[in-house]
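In what follows, a single structure is set out as structure tokens and then discussed.
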Number of protein chains: 2
Amino acid sequence: MPPSTRRARRRPPTLRDVAEIADVSIKTVSNVVHDYPHVRESTRTRVQEAIAATGYRPQLAAQQLRTGASGIVTLAVPSLNFSYFSNLAQTFIDEAQGRGRTVVLHTTSAGRDEEIEVLRGFRRRLGDGVIFNPMQVGEDYLAQMEHVDQPTVFIGEHLSDAHLPPGSDYVRIDNTRATADATAHLLERGRRRLAFVGAMETTDPAPHSSSGLRIEGFRQALWRHDLDPARAPIEEVADWHRADGREAAHRLLDAHPHLDGLVCGNDEIALGALAGLRDRGRTVPGDVAVVGYDDSPEALFAHPPLTTIRPDKQFLVKAALDMLIERINGYEGAPRTITAPHELVVRGSTPEG
Amino acid sequence: MPPSTRRARRRPPTLRDVAEIADVSIKTVSNVVHDYPHVRESTRTRVQEAIAATGYRPQLAAQQLRTGASGIVTLAVPSLNFSYFSNLAQTFIDEAQGRGRTVVLHTTSAGRDEEIEVLRGFRRRLGDGVIFNPMQVGEDYLAQMEHVDQPTVFIGEHLSDAHLPPGSDYVRIDNTRATADATAHLLERGRRRLAFVGAMETTDPAPHSSSGLRIEGFRQALWRHDLDPARAPIEEVADWHRADGREAAHRLLDAHPHLDGLVCGNDEIALGALAGLRDRGRTVPGDVAVVGYDDSPEALFAHPPLTTIRPDKQFLVKAALDMLIERINGYEGAPRTITAPHELVVRGSTPEG
DNA sequence: GAGATCGTCTGCAACGTTGTACACGACGAA
DNA sequence: TTCGTCGTGTACAACGTTGCAGACGATCTC
């Protein structure tokens, strides 16, 4: 084998290398790469052969520098360890790949400081825009921002559309209504001694936190069924994990032994609560009915299968990407808010109607 | 408010803009940004103020073009919908963020063609290297490659270290031994009528597929306990999901009603199998003991909690990143293989010893 | 007091790519 | 024949950044 064939990984080939081999200008190579029509067929194939021979790939960095666009979008979510977010991320990646865009994933589990860094445009300018699910940062912070540093779409639950910074949009899930639907479902199935379990995750004042909105929905439903919302226990947990749900169930049963329905802030907590109820000898849904939130894949395989709220992730992701791309392409209008739909999925953890 | 303060998102500020305000050369601004020591204190603060005023952020594309490095690494895995991979991705992101690197996520659920595209360096040159968990592509394909297109570290289970392409490394999990450990555990607890459930995911000839290696371990353990490996049923499923595990359990019980132990290819299948066994009125671990593989978070909260094999993800991720960064920094040695450790986590789905 | 050394700062070139402008020959229409 | 048009290809400049070489004045050394 001639030594020239031993193509070691040195400097990657550039347009110039290809141009030299095909004996054309680099611009012609560029034209071929981009399917520019006015290239003679014979030239085109000669260039394509040279590209194949060198293994040439366009260098994104140079394209971005020249054209100002990279086709990269950043997705910033708290943590992929929550199946809600990992499923969301996958949906997002699929949708973005389908549109020819690449996804950079940034997780902000370290908290508020990291979220603020996202808003401040990170340390270096990288992609064309960001889709951001904030947890710690609330409206107060956003309201005070003059303008976002790059095209931004917020997703999530606990922002009010009134205070979005200029240059951003928002896809929300109507938490209050969704939780009201879940609660109403328990009430319609005859349960009366309900409790709510959720985490208080924001450091901003509470009313618009994710849990705050869900609690609001919980209380609205009780009120509409002529029950006193003030008397229904709200169990606050430290985090959204299964372990928290389990312990919350223990504490709730200790304080309210005759509990017969549990509305949980997410599926993980609900699944933990199932375990916690079992620990205390309660049957589900016989003694206590349970509803979750998210319709994570585990919900279907829980024992019993979990009744839950299913937000339309596909809708959410598509809407977010649509608006982000519009912003990237220069749209400068006022912030927009879109509400993604949801539905109640009834399974075995709530009694038959 | 003076109109100049209404900093609309136009062209992002560059070194030149900052330099003009601070009345220095752009090179000096660059020096300040990079903490170059020989800058007078007064100059430094003046520049820093100008940076703050403009909101300047270095533009990665230009840096990359100039220096040849981006600090971006790509992680290519099949799908974040498997909690094994989403947890792995999160571990990876944390570790990479800790080392000042950014992660691009690419998922290859579409199959072999997409995996080959990863190996071929994608359509555009983007990051500095890639960490790749192949599923469809096997050794035959890799063995025939002259050289990888960019620094590459494979992770996973079903490659043999003999055939890695030059320029790549490999962090493997010793599947065969791990599954043998899991199987031995069931045998030591007195079970004798065991079956294995797993998916056949590769299109390459089977022996070194992920399932193939696990089956090998399964059989080795049987052999060592004086049982005939040929008589133990192997239940093949289409995919690694819960639903597959459930159906597999149904089929297995139909064919082998006296089954008393189940070794599953991953936790999802095992969790599905738990549901399938319950469907058929079997108790776990009373009638049938079950072991999984991965120690996904759900395993702990299954009913009963799942005994499973826990691969050391932290180790895996660190080793992969170490080797990748060495390659990026110019290491040109022969392919290396590192084996990540694992342990058996005993929980309620297998009987007491 | 002359030369060497140090600290501070700057100008130039180049990384790989693409938009614009234009050159050149061939062909069609007047 | 002449002018305009079309198809094909090229030269040049610029995107924002950083390594290198060196300018310039101040300080040190003998």
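Below, read A as the first sequence line, B as the second, and so on, with proteins coming before strands; counting in each chain starts at 1. Since the structure is predicted, the reported quantities are computational estimates derived from the model, not experimental observations.
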Exercise for the section: Measure from the side chain of B/Ala62, starting at C-beta and using heavy atoms only, and say which of D/dG9, D/dT17, C/dG7 lies closest. Expected result: D/dT17
Exercise for the section: Among D/dA11, D/dG9, D/dG16, find the nucleotide with the atom closest to the side chain of A/Arg40. Expected result: D/dG9
Fill in the blank from the handout: Expected list for residues 13-25 of chain B near DNA chain C, using heavy atoms below 4.0 Å, is B/Val24, B/Ser25
Fill in the blank from the handout: Atom CD of A/Gln64 and atom P of D/dC15 are separated, to the nearest Å, by 15 Å
Exercise for the section: Please state how far atom CZ in A/Arg46 lies from atom C1' in D/dG9, giving the value in whole angstrom units. Expected result: 11 Å
Practice task
Name all pairs fulfilling the salt bridge (Lys or Arg N to Asp or Glu O under 4.0 Å) condition that reach into residues 116-137 of chain B, sequence neighbours left out, sorted by first residue then second.
Solution key: B/Glu117-B/Arg123
Practice task
Looking only at side-chain atoms of A/Thr43, point me to the closest of C/dC9, C/dT17, D/dG9.
Solution key: D/dG9
Practice task
Using only side-chain N and O atoms of B/Thr28, determine if any of them is under 4.0 Å from OP1 or OP2 of C/dT10.
Solution key: yes
Practice task
Measure the distance from CD on B/Glu41 to C1' on C/dT8 and round it to the nearest whole Å.
Solution key: 13 Å
Handout entry: Distance-only polar pair, side chains of A/Asp140 and A/Gln144, donor-acceptor under 3.5 Å
Key = no
Completion exercise
salt bridge (charged side-chain N to carboxylate O under 4.0 Å, His left out) filter on B/Arg99, not counting sequence neighbours, yields B/Glu95, B/Asp322
Exercise for the section: Send over the distance from B/Lys27 NZ to C/dG11 C1', rounded to a whole Å. Expected result: 11 Å
Problem - Spacing between A/Ile26 atom CD1 and C/dG16 atom P, to the nearest angstrom - result: 10 Å
Problem - Residues which pass side chain to side chain contact (heavy atoms under 4.5 Å, CB included) with B/Leu65, listed by chain and number, not counting sequence neighbours - result: A/Gln59, A/Ala62, A/Leu65
Problem - Out of C/dT8, C/dT17, D/dG19, whichever nucleotide has its closest atom nearest the side chain of A/Gln63 - result: C/dT17
Exercise for the section: For B/Leu126 and C/dG16, give me the distance from atom CG to atom C1', rounded to whole Å. Expected result: 15 Å
Practice task
Give a yes or no on whether the ring-centroid distance for A/Phe132 and A/His106 is below 6.0 angstrom.
Solution key: no
Exercise for the section: Quickly work out the B/Tyr36 OH to D/dG19 P distance and round it to whole Å. Expected result: 11 Å
Completion exercise
Rounded to whole Å, NE2 of B/His38 lies from C1' of D/dT27 at a distance of 15 Å
Handout entry: For B/Arg336, salt bridge (charged side-chain N to carboxylate O under 4.0 Å, His left out) partners two or more places apart
Key = B/Asp169, B/Glu326
Exercise for the section: Among D/dT17, C/dC15, C/dC9, find the nucleotide with the atom closest to the side chain of B/Leu65. Expected result: C/dC15
Completion exercise
Sorted by chain and number, sequence neighbours left out, salt bridge (charged side-chain N to carboxylate O under 4.0 Å, His left out) with B/Glu20 holds for none
